[in-house]
Amino acid sequence: MTLSPYDLKSNYGDVTPIDQDDGPSPIAPIAYSTEYSTAMAYFRALVRNNEKSKRALDLTSDIIKHNPAHYTVWNYRQQILFTLDENLTKELEFVKGLARDNPKNYQLWHHRQVIVEKLSDSSKELEFINEVLDDDAKNYHAWSYRQWINTHFNLWDDELPFIDTLLKDDVRNNSAWNHRHFVVFHDLDAIDESLIQSEINYTKEKIRQTPNNISPWNYLRGVLEKSSRDIQELESFCKEFTDNDINSMGWLVDIYENRAKNGDDQAKEDAIKICESLANKYDTIRKAYWEYRKDEIAAPSS
Amino acid sequence: MSSSTTTSNVLLIDLHVKYIQSLDKKRDTLEYWITEHLRLAGVYWGLTALDLMNHVDALDRDDVIAYVKSCQWPNGGFSGHVNHDPHLLYTLYAVQILLIEDAIDAVDVDKIVEYVSDLQDKETGAFKGDEWGEIDTRFSYSALSCLSLLKRLDAIDVPKAVEFIMKCKNFDGGFGSTPGAESHAGQIFCCVGALAIVNSLHLVDGDLLGWWLCERQLKNGGLNGRPQKLEDVCYSWWVLSALSILGKLHWINKEKLFEFVLSAQDTESGGIADRPGDMADVFHTVFGVAGLSLLGYPGLKLVDPVYCLPKHVIQRRGLAERYKV
């Protein structure tokens, strides 16, 4: 980073920089980065004078590049942009440049959202988000922002193919499964039997490809929740995996527990047996959980 | 400054106390200055860890109170440091610090209440983090926790706040940052904690969420924050606190988690890192210590899982333990 312009009297000769107030009981001497401290001293001075100018904007660019989590500087930058009626499309480039090294910075994402909302233009957004997800397909900020873009601009058409691609890369990507739920069920009027069936088929296929992957199992629960269908119908599917997939065993516990509640003693016995093998063999780290399930099932129904 | 290669199977309290005390003496490093915006959070993290380790006096009480006061703005909010903008997160930290020091009267409480309640969106019940409008369930928690600690929940629309939080509940039983966002252990702590504060835990499916939470424990004993992510000491807090509030703390394998957290200690310079071998920081130090406290690690004071403050502070404040389900 270059912060030398602030040393130039020609640019800042009229500004008296304000040194850092370290709060009570400061300890001297301070020898931290002089570039950064100089920039901050000028920043404090410009804020005090409420100066919204091109040079103030440049100063915020430099400070943010050095310290992207400095939320106060971001806030001031936003005020300058709007006051000067700056080219906001250019601002998107600035944010994009920063996102490469700081993809998990809260301020950057919120700033982008404010700018895009003001621009009323989403044309660059999916491409931008895709680039970030290309580096880290589970970036929480990117996904949340994507959902805002989907909703705010009613942009849904690219989503399922995009999710497919991601799940082909990594079928364990929980963020992609969550987004699938968000997209598939965003329009409550579009939910019908054929949609439910096709989601069940899709998910079953993914589970068969890669056992011991909790995300599609959770998704399956989410799909069933949106329909009037019962988990009982998944018994034979779950049995395809018994003994090599903890999730399918857990589902069988749920399925048999339901049946046991309706007086099926065989199902009760089966559910208890699976809980025991999960507690003692397959999922021992969660022994207490499976013992809790077992006790709940074994207890005489009140 | 490199993290040590040896590990310890006990909590190195004296070393961690020294580490926290040393944090304010690193003013010759750039890192100290570029973390300036969250200095107040650092004080809360450090002080809470110290109190849980029975060393609250390791930071000078008068200095701490004076520093917190210096971060309050005329509108009632607090900033992360002098000369930064006020924000809800730092406002909660300020209140938490002052309660630990039993000095809440040192600041203008009515102005804090005004600042926090003004951040609620009247339509949705959500909370903004500051006047710039970012929405997140972290802010719902911050607001409810802060006003509850100040005994001023009457200042906001609680049913609306709950309504927004419930919109962030997902099909897997967890909660995200905004409606539809992926379940994440940090957000789950915020949502479950907030619901506990306003006696609304009946809205949570405790068994389903409890399963999701205990499913976060990996073979090495550590906890992750989402499926298929790496384990991290801070989730010892986010996951455990939520499980504790739901009354299901024992679903975690305690010995294995002890082992994991203790192995992330820096045995030379003190502090706890996100995972073994990484650099320690005060954030992971407090959440490691708080997690150990929840699990009943010997020699630590008890922590309150809802407020993330030592339990004695909550008792002194006369706040009820509302989180028993």
Side-chain angles (χ1 to χ4, degrees), chain A residues 18 20-27 29-33 36-37 40 44 47 66-67 69-72 74-76 78 106 110 113-114 138 140 143-144 147-148 151 170 172-175 178-179 181-182 186 213-215 218-219 221-223 225-226 250 284-289 292-293 296, chain B residues 24-25 27-30 32-39 60 62-63 66-67 70-71 79-85 87 129-134 136 170-173 176-184 207-208 210-212 214-215 217-219 221 226-229 248 250-253 256:
Chain A
I18 300 173
Q20 171 61 23
D21 173 0
D22 294 334
S25 62
I27 299 165
I30 295 164
Y32 62 99
S33 160
Y36 182 69
S37 64
M40 279 307 301
R44 283 185 284 269
V47 170
H66 210 124
N67 182 9
H70 201 315
Y71 65 94
T72 304
W74 277 104
N75 293 344
Y76 197 65
Q78 219 169 76
Y106 281 99
H110 180 61
Q113 182 173 324
V114 171
K138 297 172 187 173
Y140 199 87
W143 283 108
S144 308
Q147 294 188 339
W148 181 79
T151 314
D170 175 13
R172 296 180 192 275
N173 183 341
N174 194 62
S175 307
N178 180 75
H179 194 58
H181 190 274
F182 180 76
H186 81 274
N213 176 14
I214 196 163
S215 301
N218 283 343
Y219 181 72
R221 197 183 293 280
V223 173
E225 203 182 78
K226 293 286 182 188
T284 51
I285 203 162
R286 273 166 284 280
K287 189 181 174 79
Y289 171 77
Y292 163 82
R293 293 295 306 271
E296 289 282 296
Chain B
D24 204 40
K25 298 183 178 106
R27 299 188 181 203
D28 56 344
T29 66
L30 179 63
Y32 182 86
W33 295 102
I34 62 172
T35 56
E36 177 190 280
H37 58 275
L38 48 75
R39 182 86 4 101
D60 185 273
D62 291 341
D63 282 356
Y67 174 68
S70 73
C71 295
S79 48
H81 189 60
V82 186
N83 269 330
H84 291 243
D85 287 350
H87 193 285
D130 61 14
E131 62 173 305
W132 308 105
E134 186 184 1
D136 189 319
N170 289 319
F171 56 91
D172 54 17
S177 58
T178 47
E182 186 183 0
S183 294
H184 180 292
D207 279 4
L208 184 62
W211 160 250
W212 191 94
C214 75
E215 220 267 328
Q217 190 164 30
L218 304 175
K219 283 203 171 70
R226 291 184 272 163
Q228 295 298 326
K229 297 282 285 182
K248 298 177 189 315
H250 59 291
W251 286 4
I252 287 294
N253 185 316
K256 294 206 84 161

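Throughout, a chain's letter reflects where its sequence line sits, starting with A, and its residues are numbered from 1.
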*Asks:* Would you call the rings of B:W211 and A:Y289 parallel, tilted or perpendicular, where under 30° means parallel and over 60° means perpendicular?
*Replies:*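 Answer is tilted, since the angle falls between 30° and 60°.
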
*Asks:* Which one of A:W143, A:W148, A:Y106 has the most heavy-atom pairs closer than 4.5 Å to chain B?
*Replies:*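 Of the candidates given, the most pairs with chain B belong to A:Y106.
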
*Asks:* Who are the side chain to side chain donor-acceptor pair (under 3.5 Å) partners of B:S79, not counting sequence neighbours?
*Replies:*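 Side chain to side chain donor-acceptor pair (under 3.5 Å) check on B:S79 returns B:W73.
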
*Asks:* Is chain B contacted by the side chain of A:F182, its backbone, both, or neither, given a heavy-atom distance below 4.5 Å?
*Replies:*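 Contact with chain B is through the side chain of A:F182 alone.
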
*Asks:* Looking at CG of B:D85 and OG1 of A:T72, how far apart are the two atoms once the value is rounded to the nearest 0.5 Å?
*Replies:* 4.0 Å

*Asks:* Could you tell me which portion of B:E215 (side chain, backbone, both or neither) has an atom closer than 4.5 angstrom to a non-hydrogen atom of chain A?
*Replies:*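 For B:E215, heavy atoms of backbone and side chain both lie under 4.5 Å from chain A.
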
*Asks:* Judged by atom type as modelled, is there a donor-acceptor pair below 3.5 Å linking the side chain of B:H37 to the main-chain atoms of A:N67?
*Replies:*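 Side chain of B:H37 to backbone of A:N67: no pair is present.
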
*Asks:* Do B:K248 and A:Y292 meet the cation-pi criteria used here (NZ or CZ under 6.0 Å from the six-membered ring centre, within 45° of the axis)?
*Replies:*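 Yes - B:K248 lies over the ring of A:Y292, closer than 6.0 Å to its centre and within 45° of its axis.
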
*Asks:* Using heavy-atom distances under 4.5 Å, tell me whether B:D62 contacts chain A through its side chain, its backbone, both, or neither.
*Replies:*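 For B:D62, neither part sits under 4.5 Å from chain A.
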
*Asks:* Calculate, to the nearest 0.5 Å, the distance between atoms NE2 and CG belonging to A:H110 and B:D130 respectively.
*Replies:* 7.0 Å

*Asks:* With a 4.5 angstrom heavy-atom cut-off, could you sort out which part of B:L208 is near chain A: side chain, backbone, both or neither?
*Replies:*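 Answer is side chain: those atoms of B:L208 sit under 4.5 Å from chain A.
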
*Asks:* What distance separates A:Y36 OH from B:E36 CD, expressed to the nearest 0.5 Å?
*Replies:* 6.0 Å

*Asks:* Measure the shortest side-chain to side-chain distance between A:N174 and B:E182 over non-hydrogen atoms and say whether it is less than 4.5 angstrom.
*Replies:*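 A:N174 vs B:E182: side chains touch.
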
*Asks:* Determine the option with the most heavy-atom pairs under 4.5 angstrom with chain A, choosing from B:K256, B:Q217, B:K219, B:H184.
*Replies:* B:Q217

*Asks:* Of all heavy-atom pairs between A:Y140 and B:A181, which one has the smallest distance, and what is that distance?
*Replies:* OH-CB, 3.7 Å

*Asks:* Any idea which heavy atoms bring A:N218 and B:W212 closest together, and the distance?
*Replies:* ND2-CD1, 4.2 Å

*Asks:* Between the side chain of A:R172 and the main-chain N/O of B:Q228, is any donor-acceptor distance below 3.5 Å?
*Replies:* no

*Asks:* Set out, in order, the CA-CA distance, both residues' side-chain angles and the distance that settles side-chain contact (heavy atoms from CB on, under 4.5 Å) for B:N253 and A:K287, then state yes or no.
*Replies:* CA-CA 8 Å; B:N253 185 316; A:K287 189 181 174 79; over 6 Å; no

*Asks:* Identify which part of A:I214 has an atom lying under 4.5 Å from any heavy atom of chain B, answering side chain, backbone, both or neither.
*Replies:*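 Just the side chain, heavy atoms under 4.5 Å.
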
*Asks:* Side chain, backbone, both or neither: which part of B:D60 has a non-hydrogen atom closer than 4.5 Å to chain A?
*Replies:*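 When you check distances to chain A, no heavy atom of B:D60 falls under 4.5 Å.
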
*Asks:* Quick one: NE2 on A:H70 to NE2 on B:H81, what's the gap to the nearest 0.5 Å?
*Replies:* 9.0 Å

*Asks:* Using non-hydrogen atoms and a 4.5 Å limit, figure out which bit of A:S175 sits close to chain B: side chain, backbone, both or neither.
*Replies:*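 Both parts, backbone and side chain.
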
*Asks:* Which region of A:Q113, side chain (C-beta onward) or backbone (N, CA, C, O), has a non-hydrogen atom less than 4.5 Å from a non-hydrogen atom of chain B, or is it both or neither?
*Replies:*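 Answer is neither: A:Q113 stays 4.5 Å or more from chain B.
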
*Asks:* Could I get the full list of ring pair (Phe, Tyr, Trp, His ring centres under 6.0 Å) partners for A:Y76, not counting sequence neighbours?
*Replies:*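 Ring pair (Phe, Tyr, Trp, His ring centres under 6.0 Å) check on A:Y76 returns A:F43.
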
*Asks:* Minimum heavy-atom separation for A:N178 to B:G180, with atom names?
*Replies:* ND2-O, 3.0 Å

*Asks:* Working to the nearest 0.5 Å, report the span between CZ of A:R286 and CH2 of B:W251.
*Replies:* 12.0 Å

*Asks:* Could you tell me the separation between the OH atom of A:Y219 and the CZ atom of B:F171, rounded to the nearest 0.5 Å?
*Replies:*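 Result: 7.5 Å between the selected atoms.
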
